[in-house]
Amino acid sequence: MALEASGIRGAELIGGQQPSAAQRMNDPQLDGVGEQLQRIAVQAVSQLLPFSIVRIDEVKALEVAQSLAALLRAERFAEMVELFAPPLRAAVSADALRLAWAAELAGRGKVRQIGEPVSAAAEAEPVRVRIPVKCADGNFTVVTSVGGDGLLHGLRLDPDGGAEWQPPYYAEPTRFIERDVLLGTGPLAVPGTLSLPVGPGPWPAVVLLSGGGAFDRDESSGPNKPLKDLAWGLASWNVAVLRFDKITFTRPDRLPSDFTMTDEYLPHALAAIRLLRQQSEVDADRIHLLGHSMGGKAAPRIAAADPSIAGLVLLAADAQPMHEAAVRVARYLTALAPHPSADEAVTALVRQAALVAGPALTPDTPSELLPLGLSAAYWLDLRGYDPVATAAGLACPMLILQGGRDYQVTVADDLTRWRGALEGRPDVAIRIHPDANHLFFTGQGRPTPAEYARPGHVDAAVVDEIATWLARR
């Protein structure tokens, strides 16, 4: 989110090392602050790390999970971390876990009951266990994996419901075809999907950039796939769309310790642009970037690296420094479900954010002292990048859209910065969709993370506006 953007959407705990696709146990995403507690936000707490090769008895696994359930009931987060295997402990601190828990409760109300653990039938290690949590205004499940060493090797907070993504009504699958593509070469290549309108073209095109963290090509979050909504909707409007799994999703084991936001986005976005130029159905002079949340923040940097990019579409693009946004969103979430432990987590986050902002941050600063479990290299890269100033230096046209009900990336904290630098330009259009949240799903009332767990779609008006803007370019 912007706690995706900033790393806090709702409840995904992810530290410096991201889980692989195979390790995510059908994780509803991680844009969960999930984009970095992806962070903490509803992408949900997902840290699924390599499993132990030693078998563990199912009864023993349930005993370990019962210990976790008891600590959850007492909210004794520091003791919970002692149950983690070393890689998970290094990635998820007690403060991060406390804040993710508070974020998950925000909008769901007080915990009514934490049930008994139930193991999933499986022959392979680890033993996967689900712990049901009933709240005043909704339920969720703690999903964990117990290895042969008797420690927890994975942890995720899953929204209940089990609903699957359904195509939005505005998508017309008969009007486009899809192809599998591969971006890059070697072990760091990532798979993607190219959606091409039926007909010879050549068509305008967009490369979709998801929020920060371990997102697949659809930006999947529970039952929702906002980038797939956009891809199918725009392809139905005669726009070629390329979306891809992020390297943080497919190969977290290959990420270097000095991995940065630039590394997270730039190489595969540029490869996607090159691939689109090779398609006879695509107009090579009308290839655009469409970035959501942190993807929108990264888009100007990518366009600066490739001046041939025809234009930018920025959806809920964060402009406030991410360490500041993390504190703001954390305070918002804890206000939804006040609790002393949540206040402690916010206090710790404030201390960590101050370190990012100050002169004491160096490449050697340990990640456990920094927000969201991200490395010093990641924070230094972010601190040295001004997305608004970079965008102002570009000559290409831009469409900037913002949801009025977005508490992660907001009109007051983010859009005002884009407006201040770009609003006077005739080739820049800036619009607010008053009822839209961070995913551009419409709703009413005070927004909460619980919205992300309910099935929805990117508003048709947003898709129409983007398609119309692209057609005029």
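Since the model is a prediction, treat every value here as computed from it, not as a measurement.
For W232 and W165, the ring centers sit closer than 6.0 Å to each other. No close placement of the W203 and F176 rings is indicated, their centers lying 6.0 Å or farther apart.
For the 3.5 Å distance criterion, the side chains of Q352 and H323 fail to qualify, holding no donor opposite an acceptor. Checked by atom type, the side-chain pair Q408/R328 shows no donor-acceptor distance below 3.5 Å. H433 and Q402 are not linked by any side-chain donor-acceptor pair at a separation below 3.5 angstrom, with hydrogens and angles left out of the test. With no hydrogens or angles considered, a side-chain donor-acceptor pair links K246 and Y265 at under 3.5 Å. No side-chain donor from either of E178 and T193 sits under 3.5 Å from a side-chain acceptor of the other. Residues T260 and D263 have side chains that bring a donor and an acceptor to within less than 3.5 angstrom of each other.
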For this session: Any chance you could lay out the side chain to side chain donor-acceptor pair (under 3.5 Å) test for Q320 and D414, step after step, and finish with the verdict?
Result: CA-CA 5 Å; Q320 182 182 27; D414 298 278; over 6 Å; no
Exercise. So R301 and T262, side chain to side chain donor-acceptor pair (under 3.5 Å) or not? Walk me through it.
Worked result: CA-CA 8 Å; R301 175 174 274 177; T262 302; 2.3 Å; yes
For this session: List the steps and the verdict of side chain to side chain donor-acceptor pair (under 3.5 Å) for S220 and D216.
Result: CA-CA 6 Å; S220 299; D216 66 9; 2.7 Å; yes
Problem set entry | Intermediate values then yes/no, side chain to side chain contact (heavy atoms under 4.5 Å, CB included), D306 and I273 | CA-CA 9 Å; D306 186 347; I273 294 164; 3.6 Å; yes
For this session: In sequence, state the C-alpha distance, the side-chain angles, and the governing distance for T248 and E264, and then conclude on side chain to side chain contact (heavy atoms under 4.5 Å, CB included).
Result: CA-CA 7 Å; T248 47; E264 189 173 351; 4.1 Å; yes
For this session: May I have the step-by-step check of salt bridge (charged side-chain N to carboxylate O under 4.0 Å, His left out) for R179 and E281, ending in yes or no?
Result: CA-CA 13 Å; R179 299 175 186 165; E281 303 93 338; 2.7 Å; yes
For this session: Step by step, work out the side chain to side chain contact (heavy atoms under 4.5 Å, CB included) result for L361 and L380.
Result: CA-CA 8 Å; L361 179 65; L380 286 167; 3.6 Å; yes
For this session: In sequence, state the C-alpha distance, the side-chain angles, and the governing distance for V463 and L230, and then conclude on side chain to side chain contact (heavy atoms under 4.5 Å, CB included).
Result: CA-CA 6 Å; V463 178; L230 287 168; 4.1 Å; yes
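Scanning all heavy atoms of the two residues, the minimum distance from F441 to V458 falls at CE1-N, 3.2 Å. In terms of heavy-atom proximity, D95 sits nearest to A345 at O-CB, 3.8 Å. Across every non-hydrogen atom of C135 and L105, the tightest pair is SG-CD2, 3.8 Å. The minimum heavy-atom distance between G211 and S293, with the atom names listed, is CA-CB, 4.2 Å. A pairwise comparison of heavy atoms in T390 and P300 identifies CG2-O, 3.6 Å as the closest pair. In this structure, F244 and V207 approach most closely via the heavy-atom pair CE2-CG1, 3.9 Å.
Not a single donor-acceptor pair under 3.5 Å links the side chain of S375 to the backbone N or O of S367. Side chain of R89 to main chain of F84: a donor-acceptor pair is present (N/O by atom type, distance under 3.5 Å, no hydrogens or angles). With hydrogens and angles ignored, the 3.5 Å screen pairs a side-chain donor or acceptor of T416 with a backbone N or O of A412. Remark: the backbone N or O of D413 is paired with a side-chain donor or acceptor of T410 at under 3.5 angstrom. Proximity of a side-chain donor or acceptor of R331 to a complementary backbone N or O of V346 within less than 3.5 Å is not detected. Of the possible polar contacts, one joining the R175 side chain to the S236 backbone as a donor-acceptor pair under 3.5 Å is found. Judged by distance alone, the side chain of S145 and the main-chain N or O of G154 form a donor-acceptor pair under 3.5 Å. N224 places a side-chain N or O within donor-acceptor distance of the main-chain N or O of R454, the cut-off being under 3.5 Å. H288 places a side-chain N or O within donor-acceptor distance of the main-chain N or O of A205, the cut-off being under 3.5 Å. Of the possible donor and acceptor atoms, one in the side chain of T448 sits under 3.5 Å from a partner among the backbone N and O of A450.
Contact of the V142 side chain with the R130 side chain is not registered, since no non-hydrogen atoms from C-beta on lie closer than 4.5 Å. The closest side-chain heavy-atom distance from P447 to Y332 is below 4.5 Å. Put simply, the side chain of H438 reaches to within 4.5 Å of the side chain of V409, judged on heavy atoms. P202 is not listed as a side-chain neighbour of V282, based on a closest heavy-atom distance of 4.5 Å or more. Proximity of D229 to Y170: side-chain heavy atoms (C-beta onward) are separated by under 4.5 Å at one or more points. Taking 4.5 Å as the limit, every side-chain heavy atom of L290 sits out of range of all side-chain heavy atoms of L399. Side-chain atoms of D464 and I466, non-hydrogen and from C-beta on, never get closer than 4.5 Å to each other. In this structure, the side chains of I247 and L255 come closer than 4.5 Å at one or more pairs of heavy atoms.
Counting heavy atoms of neighbouring residues, nucleotides and ligands inside a 6.0 Å radius, atom CZ of R472 does not exceed 12 of them.
Between atom CG of residue L194 and atom CG of residue L276 there is a gap of 6.0 Å, rounded to the nearest 0.5 Å. With values rounded to the nearest 0.5 angstrom, S195 atom OG is found 9.0 Å from K228 atom NZ. Here L188 contributes atom CG and H268 contributes atom NE2; the two are 6.0 Å apart, rounded to the nearest 0.5 Å. From L270, atom CG reaches atom CG of L289 across 8.5 Å, with rounding to the nearest 0.5 Å. Residue I430 holds its CD1 atom at 6.5 Å from CZ of R419, rounded to the nearest 0.5 Å. Distance check, rounded to the nearest 0.5 Å: CH2 of W379 to CE of M322 gives 3.5 Å.
Taking the ring axis of W469 as reference, the NZ or CZ atom of R473 stays within 45° of it and closer than 6.0 Å to the ring centre. Because its NZ or CZ atom is not both nearer than 6.0 Å to the ring centre of Y378 and within 45° of the ring axis, R383 does not count as a cation-pi partner of that residue.
Classification of the H292-F440 ring pair by plane angle, with boundaries at 30° and 60°, yields perpendicular.
A salt bridge between R243 and D218 is present, with a side-chain N of the basic residue lying under 4.0 Å from a carboxylate O of the acidic one.
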